[in-house]
Amino acid sequence: MKTHSTTFFVNNKEYTLDIPVHRTLLQVLRDDLSMTDVKYGCGAGECGACTVLVDGDRPILSCLTLAVLMNGRKITTVAGLEKEGELHPVQEAFVEEGAIQCGYCTPGMVLKSVSILEKNPSPTEKDIRRGLEGNICRCTGYEKIVKAVQRASIALAASSPVKQKEGGKV
Amino acid sequence: MSELSIVGKRIPKIDAREKVTGRAVYAADIRMPGMLYGKVVRCWNYAHATVTKLDLSEAAKVPGVIKVLGPQDVTSNTYNSGVLDLMVSDEMRKMLGDIEDQPIFTDHVKHQADGICGIIAETEEAAERAAEKIIVEYEPLPVYLTAEESMKPDAVQFTPLKPGNKAFELPEPAFPGNAYGWGDVDEAMKKADVVVEDAFYVPKQKQCQMEPHAYVALYDDRGRLNCWTSTQMPKLVQTKLARLFELPMSRVKVNQTTVGGGFGARLGMVAEPQACAMAMAVPGKPVMIQYLREEDWVASESRHPGMYWMKMGFKKDGMPVAVDAHFTSYKGGYYTQGSGVAFTTGAWLAGMYKYGALRYRGDSYYTNQVPCGAYRGYGNPQTNFPLEQLIDRACNELGIDPVDWRIKWHKDVGDDGWCIGFKYPSCALTECLERGAQAIGWKEKRAKYSTQTGSKRRGIGVACMNHTSGAMPMLLEHTVVSVRLNEDASAEVILSCSDLGCGAHTALTQIAAETLGFPLEDVHLLTGNSDASGFDIGAHASRTTYVGGGAVKQACEDVKRQLFERASKHLGTPADQLEMKDKRIFIKNDPQQSVDIKTITTLGVINLPDPATGQPVGEPGQILGYASYFPPHNSPPFSACFVELEVDTETGEVKLLECLTAYDIGRAIHPPSVEGQLDGGVHHGLGNVLTEETYYDKKGLCLNSNFTDYKLLGPSDMPKLTNILVEQPDPYGPYGAKSCGEEGIVPPIGAAANAVYNAIGVQIKEAPITPEKILKAIKK
């Protein structure tokens, strides 16, 4: 079995692993590193449950990504959003809006929402819905998830006025 | 009712933080030392075949493989993955004809992905490699995809227990003429001024819960079988596993993991039998089975599809004089919940409107598709599609407004519910219809849309729904709750009720805290452990808040009674002259005289004799409240749903604009969860009527076992959702609550179909109503 020495960061912690070249990032995170906050939903890039962020704000489907391609990259999973016991504003908004039911899509959904707001701090409802396409939720009808992203957008703007000014018209 | 301080409040859900941080543990997240991986080897290329050769020897040699198990290597006992057979009496079970026709591994493949053997290996990859080395030969058998095909006299028999492949029909002894209803339908129909009649197809919809099925099982060193599962029904699965493996229940432990969505898919067992059979082959070693998504799709139960014929007769004033109906469902390869949906489909029909006479016949035939089981609504979506469309067709002929018709003819308080003879104790459907119509602008829009031109046609439709809060009196309803007070006056509420993500545990915690008069943080719900908790049915029939909540309330009232008894002794005042506030019990007309709850609970636990007298101080004994609760009713909820949409008559595409549900909730214990249930239900319902169907090719192989080819509505497809919660407390539900778990799915189906009818003037008789069907219908 061909392997490749790979160094990457997950939630700011460095890992160097000898990874079989066929293994997906999802397999490595879940099975080798026991990071079970990353979810398997379909294994085919159709549901978004396995979403992680690469280099800050780029969402990727870890089930379709070969782990060796992550050499040198910074990966964020939902476990990396909480800072010193404080939830990320997007997480906070999901809790407050009641946007979580079974919770299985939630890690991917939260990370996708973070990326939407990173790119566009003041998205319209249409922007949010379009941005969430690719992440399936079977519990909520998306209604409270969309409201949570809107709530997070307001909360983030309040905590970071500069960013809002720059990103408001994107 | 006095003012409520916790019930009805929009508190954050108790499981929200662990889920939003990714820390909630689902079955596939379990990691144990020495854990092995189990794989069920399935027949992927045939939907109906006999296994003529099975050679496991090469697979067993693959490095990393521990054991390979064929049909002969596991118990020869068969099972029924459903649980209805545990909720009826022996006599009823015999009369219904419930059977156990599922083997752990089969040599008669009855649907694609039927399991033929199992592999236990050190890694998932080793198990996969070994699966490729299984040598198997099949003798293909004719494939039957509809009841019409499998009921033919020369068809291959699925089981000798069900001649003619008829899995079920309403049994004669309880249903004369194999029918459910009342009155003389044939005579009544003759008196009708307008008769509408049609045959409809209702789809094979998949639950699509986001967490694929996964299990861990361990046969431990004390000879106990442990299973970690996301089943909706941990206690009944405990019973089922005990019977299957011939163990006393005391030697079977079911640990319920976080449930990543249920919707009926986990109502009973899925692969618990296979996981446990593997674990018993390797004592002391935990074995995990994780389904792939496509495996989940074709090897776990779906909704019952089938042909639904219905005929309705009306007088000129709209009076529905007679309904004649017959639903024939396509059962799939195994019996499972065979007796359930065939009955309830007619029950929901019976419970809805004031027909002069009703005759509903329900039957079910084996087919070579994934077996059909429970799915949110349990027959109600099937009934809503034909019933609500035929009503609108009749209203059109009679010149009656569909909302007005429903207000006039829906069943109401005192009428027979879905179970004849069991009367409705509450009903706010008239208010739901009136407020819903007002809020969406029904009259204005109906008038406006009657004069449209051009290729984009808007339509607005309405439909109603009745459902239930628990399955009594047809099925057993029972929940056991114990409430233990710790010495510091905090409470441990011990029960087995499931939370599939719908917020049930939050609502139950609110009910407990409200009833005890304790702050929320002083109440903990202990769930998910079959060793600790008493009996419970599990999550089905929208029962948890209503039945589980009733049980919690009763057990907490028992605690409160004991506290008052002890306070009465402490204060030397009769209990009925005492009151409780802020965890103190005081004398009503002398509030200065009081005792702290903590004093009572501490003395209950840490009770030492007074050194001077040798007598106990206060009353010894830890307080334990208990309820073994059989609810007195099933308080059905109702709702009215309005859907507005736009049909592109050139492409046949439907654009959803708004879906408004006015819901008779009784009382919303946790409003965000009620709204969430309705929103999510609407997503399933609109999918059922517009996009969702599992398709098979002629060989019985599934064509769309994935999220690309099976169309779920995405965030941008969903319309504006509006919920109106109509709160008229029910006399039986805890704090007046009725259920809301399944109901949201039901009326969007009829309402969207009627909106399409309103838009294009043609009814589509086959769900889902796809663009192709719309174009075809317009051309006709």
Side-chain angles (χ1 to χ4, degrees), chain A residues 1 20 23 27 30-31 34-49 77-82 87-88 90-108 110 126 128-146, chain B residues 10 12-13 15-26 28-31 123-124 207-212 258-263 290 292-294 500-503 659 670-673 675-684 686 706-708 712-718 720-721 744:
Chain A
M1 202 173 352
R23 274 177 88 70
Q27 288 171 320
R30 277 187 65 83
D31 300 340
S34 288
M35 294 179 179
T36 53
D37 56 312
V38 189
K39 299 299 180 202
Y40 163 81
C42 69
E46 296 170 336
C47 78
T77 74
V78 81
L81 291 181
E82 205 182 7
L87 295 181
H88 185 282
V90 170
Q91 290 175 304
E92 197 66 57
F94 269 63
V95 172
E96 289 297 320
E97 280 295 335
I100 303 161
Q101 289 194 29
C102 89
Y104 201 79
C105 77
T106 303
V110 165
K126 205 172 171 185
I128 295 169
R129 288 182 182 272
R130 201 174 293 158
L132 292 173
E133 290 290 349
N135 285 61
I136 299 175
C137 169
R138 188 56 156 168
C139 293
T140 64
Y142 301 100
E143 190 68 16
K144 288 187 188 293
I145 293 177
V146 172
Chain B
R10 293 180 167 267
K13 288 168 80 174
D15 53 352
R17 194 175 176 106
E18 71 209 31
K19 286 175 173 173
V20 85
T21 53
R23 286 194 282 264
V25 178
Y26 300 82
D29 299 336
I30 292 171
R31 300 287 180 269
T123 62
E124 219 172 342
Q207 295 90 343
C208 298
Q209 81 294 343
M210 288 315 295
E211 179 207 8
T258 307
V259 184
F263 318 118
Q290 163 143 40
L292 301 171
R293 174 58 66 182
E294 55 266 40
L500 316 183
C502 30
C659 181
H670 185 239
S673 293
E675 293 154 4
Q677 285 307 288
L678 296 178
D679 293 345
V682 167
H683 181 257
H684 288 236
L686 292 175
N706 58 68
F707 292 126
T708 298
L712 296 171
L713 296 172
S716 309
D717 302 320
M718 287 297 288
K720 176 186 172 196
L721 300 184

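Residue numbering restarts at 1 for every chain, and letters A, B, ... go by the order of the sequence lines.
Each of B:Gln209, B:Glu294, B:Arg23 has some count of heavy-atom pairs under 4.5 Å with chain A, and the biggest count is that of B:Arg23. Per-residue heavy-atom pair counts under 4.5 Å with chain A were compared for B:Glu18, B:Gln207, B:Glu124, and the maximum is reached by B:Gln207. Listed options A:Thr140, A:Val78, A:Leu81 were ranked by heavy-atom pairs under 4.5 angstrom with chain B; first place goes to A:Thr140. The most heavy-atom pairs under 4.5 Å with chain B, out of A:Gln101, A:Glu143, A:Lys39, A:Lys126, come from A:Gln101. Interface remark: of the candidates B:Gln290, B:Met718, B:Lys13, B:Arg31, B:Arg31 forms the most heavy-atom pairs closer than 4.5 Å to chain A. Heavy-atom pairs under 4.5 Å with chain B were tallied for A:Glu92, A:His88, A:Glu133; the largest tally goes to A:Glu133. With chain A as partner, the option from B:Gly744, B:Ala16, B:Ser716 having the largest number of non-hydrogen pairs under 4.5 angstrom is B:Ser716. Contact count against chain B (heavy-atom pairs under 4.5 Å) is highest for A:Gly103 among A:Gly45, A:Ala99, A:Gly103, A:Gly80. Per-residue counts of heavy-atom pairs under 4.5 Å with chain A were compared for B:His684, B:Lys720, B:His683; the largest is that of B:His684. Annotation: maximal heavy-atom pairing with chain A below 4.5 Å, among B:Pro12, B:Gly503, B:Cys208, occurs at B:Cys208. Per-residue counts of heavy-atom pairs under 4.5 Å with chain B were compared for A:Asn135, A:Val38, A:Ile136, A:Thr106; the largest is that of A:Ile136.
Between B:Gly261 and A:Cys102, the closest heavy-atom pair is N-CB, 3.2 Å. For the residue pair B:Pro212 and A:Tyr40, the shortest heavy atom distance occurs at CD-O, 3.5 Å. Heavy atoms only, all atoms of each residue included: B:Met210 and A:Arg138 are closest at CG-N, 4.1 Å. Pairing each heavy atom of B:Asn706 with each of A:Glu46, the nearest pair is CB-OE1, 3.5 Å. Scanning all heavy atoms of the two residues, the minimum distance from B:Phe263 to A:Cys139 falls at CZ-SG, 3.7 Å. Nearest heavy-atom pair across B:Val20 and A:Phe94 is CG2-CB, 4.0 Å.
Using a cutoff of 4.0 Å between basic side-chain nitrogens and carboxylate oxygens, B:Asp717 and A:Arg129 are not scored as salt-bridged.
Residue contact with chain A, scored on non-hydrogen atoms closer than 4.5 Å, is absent for B:Leu678. In this structure, the portions of B:Leu292 lying under 4.5 Å from any heavy atom of chain A include both its backbone and its side chain. The part of B:Val259 that comes within reach of chain A is its backbone (N, CA, C, O), which places non-hydrogen atoms under 4.5 angstrom from that chain. Both the backbone and the side chain of A:Thr36 come within less than 4.5 Å of a heavy atom in chain B. Of the two parts of B:Ala28, the backbone and the side chain both hold a non-hydrogen atom closer than 4.5 Å to a non-hydrogen atom of chain A. For chain A, no part of B:His670 is nearby; none of its heavy atoms comes within less than 4.5 Å. Proximity to chain B involves both the backbone and the side chain of A:Tyr104, based on heavy atoms less than 4.5 angstrom apart. Contact of A:Glu82 with chain B is made through the side chain alone, with heavy-atom distances under 4.5 Å.
A donor-acceptor contact shorter than 3.5 Å is absent between the side chain of B:Arg293 and the backbone of A:Gly43. Side chain of B:Lys19 to backbone of A:Ile100: no donor-acceptor contact under 3.5 angstrom is found.
The shortest distance between side-chain heavy atoms of A:Leu87 and B:Thr21 falls below 4.5 Å.
Summarising the geometry, atom CG belonging to B:Leu713 is positioned 8.5 Å from atom OH belonging to A:Tyr142; distances are rounded to the nearest 0.5 Å.
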